[in-house]
Amino acid sequence: KQEVTQIPAALSVPEGENLVLNCSFTDSAIYNLQWFRQDPGKGLTSLLLIQSSQREQTSGRLNASLDKSSGRSTLYIAASQPGDSATYLCAVTSMGSGQASPAGKSTFGDGTTLTVKP
Amino acid sequence: DTGVSQNPRHKITKRGQNVTFRCDPISEHNRLYWYRQTLGQGPEFLTYFQNEAQLEKSRLLSDRFSAERPKGSFSTLEIQRTEQGDSAMYLCASSLSPAFRRSYEQYFGPGTRLTVT
């Protein structure tokens, strides 16, 4: 059974600081890993997706890395801004049951709640 | 708007009543997922469809829960005889199937918040 852990559960930083959020998973047989952002009471917004064969993905100030063998991913946020305040979730999609369905269900961590202070 | 939509956005019901939620995925997406999220937790997988076929169902989905996607487009999630423990945000997501060999990225709707009193 896949288990996903995100540390820390909460993080508070001053504006402008660079920061790293961590995600670890127990089963390395994954199809991909996706990072999301969630604002209070809202749905999830996709930030970055890393395929199992990739090592990292970048979008603007965000960089996500994946080390499948050690079961770890990090989300790096450069030059943080108050607008980055939200909960960040990682989701691991497991391998599916065969060629017709190579990707199975996704397992989420409980998120890291980030507060960026002006 | 071509994103994932969910209706209703909020539902308050009394214990023992039945409720039904609807999800309309992004039009070209053939996969549709249902998740449940409680406060302070990440979303928990409930079930997913590829076209009209329900491919996997979580053990969290008791006999009181049923989901359908009759024509491979929109989906409904029904909860019968609701209990207070069913109070949560119910999230729907859609994606292309991995068989399309494109980015298998899930896009989420805004969710339906259920309160059982």
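Each chain gets a letter, A, B and so on, in the order its sequence line appears, and its residues count up from 1. All values derive from a computational prediction rather than experimental measurement.
- Between the NZ atom of A/Lys105 and the OG1 atom of B/Thr47 there is a distance of 10.5 Å, given to the nearest 0.5 Å.
- No continuous path of hydrophobic side-chain contacts links B/Tyr33 to A/Val92 [ILVMFWY only; heavy atoms under 4.5 Å].
- Note on A/Ile30 and A/Leu48: same hydrophobic cluster, where clusters join Ile, Leu, Val, Met, Phe, Trp and Tyr whose side-chain heavy atoms are under 4.5 Å apart, directly or indirectly.
- Minimum heavy-atom separation, A/Leu89 to B/Gly42: CD2-CA, 4.0 Å.
- In terms of hydrophobic clustering, with Ile, Leu, Val, Met, Phe, Trp and Tyr side chains grouped at heavy-atom distances under 4.5 Å, B/Leu32 and B/Phe65 are assigned to a common cluster.
- Near-neighbour residues of residues 69-87 of chain B relative to chain A, defined by a heavy atom under 4.5 Å from a heavy atom of that chain, are none.
- Closest heavy-atom contact between A/Leu44 and B/Gln37: CD1-OE1, 4.4 Å.
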> Hey, mind stepping through B/Tyr35 and A/Phe108 against ring pair (Phe, Tyr, Trp, His ring centres under 6.0 Å) and telling me if it holds?
Replying inline: CA-CA 10 Å; B/Tyr35 296 88; A/Phe108 281 79; 5.4 Å; yes
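- The number of heavy atoms from other shown groups lying within 6.0 Å of CZ (B/Arg64) is above 12.
- The environment of B/Arg15 atom CZ is sparse: at most 12 non-hydrogen atoms of other residues, nucleotides or ligands sit within 6.0 angstrom.
- Neither the backbone nor the side chain of A/Thr87 has a heavy atom closer than 4.5 Å to any heavy atom of chain B.
- A/Leu33 and B/Leu96 are assigned to two separate hydrophobic clusters, defined by single-linkage of ILVMFWY side chains at heavy-atom distances under 4.5 Å.
- Residues A/Ser106 and B/Tyr48 form no side-chain contact, since every pair of their non-hydrogen atoms from C-beta on lies 4.5 Å or further apart.
- Taking non-hydrogen atoms and a 4.5 Å limit, the residue list of residues 35-43 of chain A in contact with chain B, ordered by number, reads A/Phe36, A/Gln38, A/Gly41, A/Lys42, A/Gly43.
- At a threshold of 4.5 Å between side-chain heavy atoms, the hydrophobic network of Ile, Leu, Val, Met, Phe, Trp and Tyr places B/Phe108 and A/Ile50 in two separate groups.
- Between the side chain of A/Gln34 and the main chain of B/Gln106, a donor-acceptor pair closer than 3.5 Å is present.
- With respect to chain A, the highest number of heavy-atom pairs below 4.5 Å among B/Gln6, B/Met89, B/Arg9, B/Gln41 belongs to B/Gln41.
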